[in-house]
Amino acid sequence: MRKFMTVVDDSPECRNALRFAARRAAKTGGGVVMLYVIRPEEFQHWIGVGEMMRAEAREAAEARLTQLAGEVKALSGVLPEFVIREGVARDEVLAQIREDPEIGVLVLGAGASGEGPGPLVSALAGRLAGTMTVPVTVVPGSLSMERIDSIC
């Protein structure tokens with residue numbers, strides 16, 4: 001089965017990418033992988049405090065993934081897979097693609113503001129695009145949900 005992987009965070013463009021991935025998965029009989037990356041620099045404190053912060057970050061990641069999973073299921077009929085990793089987002093996206101051979105498309109959301117597409121899109125659809133082992137679909141943040149549905 002081909003899976004569409006999205007990176008989940010709290011940005012508005014995340015929802016556009018997730019909607020696109022869910023609609024494409026429904027149309028093609030694929031799956032959805034939702035990847036949440038926790039930055040490790042958030043835990044550079046004393047050991048006990050760092051571990052508590054790590055646990056809280058993981059709980060927040062699980063809550064966000066669970067919240068969005070219902071939307072994916074409603075849009076596509078597909079129950080998405082959750083993946084939580086710690087590290088630099090770009091590196092963890094590449095590692096997940098290497099580790100899961102069923103991932104067939106990486107779907108990223110670009111910001112709607114005039115500040116550019118964002119560091120992850122710039123890296124994976126820009127500098128590293130020629131080395132990617134799967135196609136990268138960039139969903140513009142300015143697209144409405146209706147427009148995304150009509151494209152898929």
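Every heavy atom of this structure was used, including side-chain atoms; hydrogens, water molecules and symmetry mates were not.
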Heavy-atom closest contact ([X] atom, [Y] atom, distance):
X      : Y     : result
Ala22  : Val72 : CB-CG1, 4.1 Å
Val107 : Ala21 : CG2-CB, 4.1 Å
Gly87  : Val37 : O-CG1, 3.3 Å
Val78  : Gly31 : CG1-CA, 4.0 Å
Gly109 : Ala17 : N-CB, 3.5 Å

Output side-chain donor-acceptor pairs under 3.5 Å for residues 118-126, partner residues at least two apart or in another chain, one line each.
{"from": "Ser122", "atom 1": "OG", "to": "Gly118", "atom 2": "O", "distance (Å)": "2.9"}

Just verifying a value: how many Å separate [X] [atom1] and [Y] [atom2], rounded to the nearest 0.5 Å?
X      : Y      : atom1 : atom2 : value
Asn16  : Thr6   : CG    : OG1   : 11.5 Å
Leu35  : Asp9   : CG    : CG    : 10.0 Å
Leu143 : Ile148 : CG    : CD1   : 5.5 Å
Arg24  : Arg2   : CZ    : CZ    : 6.5 Å
Arg64  : Asp10  : CZ    : CG    : 5.0 Å
Thr137 : Leu108 : OG1   : CG    : 8.5 Å

Give the table of side-chain donor-acceptor pairs shorter than 3.5 Å for residues 88-98, with sequence neighbours excluded, one pair per line with atom names and distance.
{"from": "Glu92", "atom 1": "OE1", "to": "Arg85", "atom 2": "NE", "distance (Å)": "2.6"}
{"from": "Glu92", "atom 1": "OE1", "to": "Arg85", "atom 2": "NH2", "distance (Å)": "3.3"}
{"from": "Gln96", "atom 1": "OE1", "to": "Arg85", "atom 2": "NH1", "distance (Å)": "2.8"}

Can [Y] be reached from [X] by stepping across I, L, V, M, F, W or Y side chains whose heavy atoms are under 4.5 Å apart?
X      : Y      : answer
Met5   : Met132 : yes
Val83  : Val134 : yes
Val138 : Phe20  : no
Val105 : Ile103 : no
Leu79  : Leu75  : no

Exercise. Are Asp149 and Arg19 ion-paired here, with the side-chain N under 4.0 Å from a carboxylate O?
Worked result: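 Answer for the salt bridge query: yes.
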
Problem set entry | Heavy-atom side-chain contact between Val32 and Leu18 under 4.5 Å |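 They are in side-chain contact.
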
Exercise. Stepwise, does the side-chain contact (heavy atoms from CB on, under 4.5 Å) test hold for Phe82 with Val8?
Worked result: CA-CA 10 Å; Phe82 295 175; Val8 171; over 6 Å; no

